[in-house]
Amino acid sequence: MGDDDSLTAPEIGTPMEPAHASIDARRLLALRRSTSAELLTEPGPDESELANMLQIAARVPDHRRVFPFRFVVMRGEARERAGEVLARVTRRDNAAAADARIDVERRRFSRAPLVVMVVARIDPGHRTPEWEQTLTVGATCQNLLLAASAFGFAATWLTEWCAFDADVLRAFGLAAEEKVAGFIYIGTASENPKERARPNMDEIVSNLTIET
Ligand SMILES: Cc1cc2nc3c(=O)[nH]c(=O)nc-3n(C[C@H](O)[C@H](O)[C@H](O)COP(=O)(O)O)c2cc1C
C-alpha cells in the first residue's frame, strides 16, 4: 500500500473533506461479505496494515468521545495460548468432553492468521447512555471489517461461547465490567463466500406519515 500517509489523521481542527465519493468504496459497502473463519488462511495483515486497520476501526461516531472500546490483537502463539484457555475451561466444565471437541477449542483462534478481540468498556456512569456507547462499539467492529476488506483481506465477526464465559474473559485480561463485542477473524479467503439472504428493502423502508 503506497498511500498509507494519506490515511494518517491530521491535527485536531484541520479542515476535513465532508465526503469521499468513490466507486471502490461504494462497491465495498454494497458487496461486503463475511468469510467463514474456517476459510481464512495466510497471509494476514502485516504490522503496518494492522495499525492502519485499527486506526480506521477506532474512527467511529462516538457521542461525547467516550471511546468505549479497546482492541486486543491475537496472532502467532497468542492464538494457541488463548485456545489452551478454551480447552481448559471446556474440559473443566465437561469432564466427558470428547478429545475432538477439546481439539476444536484448542484451535478455535488459530483458524485465521489474526484475530482482533474488540472489547467494550462501557461507562455506566457517563452522561452518554449505555445504549449509545454500545452502538459505538458495534460500529467499531463493522469499521474493522470494512477496513480489512479495503486492505484486501477477508474477515468475519464472531462471538461464539467464549465471548460470554467469565473465566475465559478473566484469563484474557478483561476487567469485570468489560465485555467482548466480537472476535474479528482476518485473513485471506481460501474459498469465495456466496451471497446470502438480505432484507427486503420494501419491508424495512418507509416514509414517515403523520396524520394532521
Ligand atoms: C455481534 C455479532 C456476533 C456474531 N457472532 C457470530 C457467531 O458467533 N457465529 C456465527 O456463525 N456468526 C456470527 N455472527 C454473524 C457473522 O458475523 C456474519 O455477519 C454473518 O455470517 C453474515 O455474513 P455477512 O457479514 O456477509 O452478512 C455475528 C454477528 C454479529 C454482529
Side-chain angles (χ1 to χ4, degrees), residues 32-45 50-51 53-54 56-58 60 67-124 130-131 133-149 153-191 193 196:
R32 182 205 59 78
R33 178 75 172 91
S34 296
T35 297
S36 164
E38 283 74 18
L39 301 177
L40 293 175
T41 55
E42 297 284 353
L50 177 60
M53 284 162 46
L54 295 178
I56 291 167
V60 283
F67 308 142
F69 50 82
R70 64 185 181 93
F71 305 114
V72 180
V73 177
M74 302 163 70
R75 64 193 326 175
E77 280 182 15
R79 295 167 307 162
E80 288 151 36
R81 284 198 286 276
E84 288 299 336
V85 171
L86 302 193
R88 198 173 65 231
V89 169
T90 304
R91 181 75 84 193
R92 191 202 57 196
D93 292 348
N94 179 8
D99 287 349
R101 167 74 204 284
I102 298 297
D103 261 6
V104 165
E105 299 308 337
R106 196 169 278 124
R107 289 185 292 107
R108 187 171 292 281
F109 295 111
S110 302
R111 287 175 290 179
L114 173 75
V115 183
V116 177
M117 178 167 65
V118 180
V119 178
R121 38 177 204 176
I122 307 296
D123 179 354
E130 286 184 48
W131 169 235
Q133 296 182 49
T134 303
L135 294 174
T136 287
V137 185
T140 303
C141 294
Q142 175 67 1
N143 251 21
L144 185 51
L145 291 179
L146 295 173
S149 181
F153 296 100
T156 193
W157 173 356
L158 302 181
T159 43
E160 302 182 311
W161 71 272
C162 42
F164 302 98
D165 186 284
D167 294 323
V168 169
L169 300 187
R170 201 173 310 115
F172 288 0
L174 269 70
E177 64 280 8
E178 291 184 321
K179 286 184 177 157
V180 168
F183 294 103
I184 312 294
Y185 287 71
I186 302 172
T188 298
S190 61
E191 216 177 278
R196 67 165 195 142

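Computed from heavy atoms alone, side chains included, the values below leave out hydrogens, waters and symmetry copies. What you see is a predicted model, and the numbers here were worked out from it, not measured in a lab.
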Asker: Is any side-chain N of the basic residue among R106 and E84 closer than 4.0 Å to the acidic one's carboxylate O?
Answerer: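 The answer is yes: the pair qualifies as a salt bridge.
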
Asker: Answer whether the closest heavy-atom distance between the side chains of V116 and M74 falls below 4.5 Å.
Answerer: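 With C-beta onward as the side chain, the pair stays apart.
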
Asker: Specify the closest pair of heavy atoms between P68 and I122, including all atoms of both residues, with the distance to one decimal.
Answerer: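 Heavy-atom minimum between the residues: CB-CD1, 4.2 Å.
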
Asker: Could you tell me whether R111 and E160 make a salt bridge, using a distance below 4.0 angstrom between a side-chain N and a carboxylate O?
Answerer: yes

Asker: Look up atom CD in E80 and atom CZ in F109, then write down how far apart they are to the nearest 0.5 Å.
Answerer: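 Here the interatomic distance stands at 12.5 Å.
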
Asker: Grab the two heavy atoms, one from A181 and one from T159, that are nearest each other, plus how far apart they are.
Answerer: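 So the minimum-distance heavy-atom pair works out to O-CG2, 3.8 Å.
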
Asker: Are V168 and L86 packed together at the side-chain level, in the sense that at least one heavy-atom pair is separated by less than 4.5 angstrom?
Answerer: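 Yes; the side chains approach each other to less than 4.5 Å.
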
Asker: Could you walk me through whether L145 and R32 pass the side-chain contact (heavy atoms from CB on, under 4.5 Å) check?
Answerer: CA-CA 9 Å; L145 291 179; R32 182 205 59 78; 4.2 Å; yes

Asker: Just how far is it from atom CG of D167 to atom SG of C162, taken to the nearest 0.5 Å?
Answerer: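 Between D167 CG and C162 SG, I get 13.0 Å after rounding to 0.5 Å.
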
Asker: What is the minimum heavy-atom distance between T35 and A154, and which atoms define it?
Answerer: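 In terms of heavy atoms, the two residues are closest at OG1-CB, 3.4 Å.
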
Asker: Which atom pair, heavy atoms only, marks the closest approach of R70 to G173?
Answerer: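 Scanning both residues completely, I find the closest heavy atoms to be NH2-O, 3.4 Å.
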
Asker: Would you check, one step at a time, whether the test side-chain contact (heavy atoms from CB on, under 4.5 Å) holds for M117 with L174?
Answerer: CA-CA 11 Å; M117 178 167 65; L174 269 70; 3.7 Å; yes

Asker: Test side-chain contact (heavy atoms from CB on, under 4.5 Å) on L40 and I186 and set out the steps.
Answerer: CA-CA 7 Å; L40 293 175; I186 302 172; 6.0 Å; no

Asker: How many angstroms lie between CG in L144 and CZ in F71, if you round to the nearest 0.5 Å?
Answerer: 6.5 Å

Asker: Does a sphere of radius 6.0 Å around CD in E42 hold more than 12 heavy atoms from other residues, nucleotides or ligands, not counting ones at 6.0 Å or beyond?
Answerer: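 Atom CD in E42 is crowded, with more than 12 foreign heavy atoms closer than 6.0 Å.
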
Asker: Within a strict 4.5 Å, meaning less than it, do heavy atoms of the I184 and T156 side chains meet?
Answerer: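 With C-beta onward as the side chain, the pair stays apart.
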
Asker: Show your working on side-chain contact (heavy atoms from CB on, under 4.5 Å) between C141 and F69 and close with a plain yes or no.
Answerer: CA-CA 10 Å; C141 294; F69 50 82; over 6 Å; no

Asker: Is the shortest side-chain N to carboxylate O distance from D93 to R88 below 4.0 Å?
Answerer: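 Result for this pair is no, no salt bridge flagged.
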
Asker: How are the rings of Y185 and F183 set relative to one another: parallel (under 30°), tilted (30 to 60°) or perpendicular (over 60°)?
Answerer: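 It falls in the perpendicular class, over 60°.
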
Asker: What distance do N94 atom CG and R101 atom CZ have between them, rounded to the nearest 0.5 Å?
Answerer: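 Nearest 0.5 Å value for the CG-CZ distance: 7.0 Å.
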
Asker: What are the two closest heavy atoms between L169 and A163, and how far apart are they?
Answerer: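 Answer, listing the atom of L169 first, then A163: CD1-O, 3.5 Å.
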
Asker: Give me the atom names and distance for the closest heavy-atom approach of T188 to P43.
Answerer: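 It is OG1-O, 2.6 Å.
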
Asker: Using side-chain heavy atoms (C-beta onward) and a distance below 4.5 Å, is V72 in contact with V119?
Answerer: yes

Asker: Distance check, rounded to the nearest 0.5 Å: E178 atom CD versus F172 atom CZ?
Answerer: 13.5 Å

Asker: Say whether, by atom type as modelled, one donor and one acceptor occur between the side chain of S190 and the main chain of L39 under 3.5 angstrom.
Answerer: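 It does hold such a pair.
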
Asker: For the residue pair P113 and T41, establish whether any side-chain heavy-atom pair is separated by less than 4.5 Å.
Answerer: no

Asker: Measure the CG-CD1 distance between L146 and I56 for me, rounded to the nearest 0.5 Å.
Answerer: 9.5 Å

Asker: So, R108 side chain and R79 main chain: donor-acceptor pair closer than 3.5 Å or not?
Answerer: no

Asker: Contact between L54 and L50 at the side-chain level, heavy atoms closer than 4.5 Å - yes or no?
Answerer: yes

Asker: Quick one: do R91 and E105 make a salt bridge, cutoff under 4.0 Å?
Answerer: no

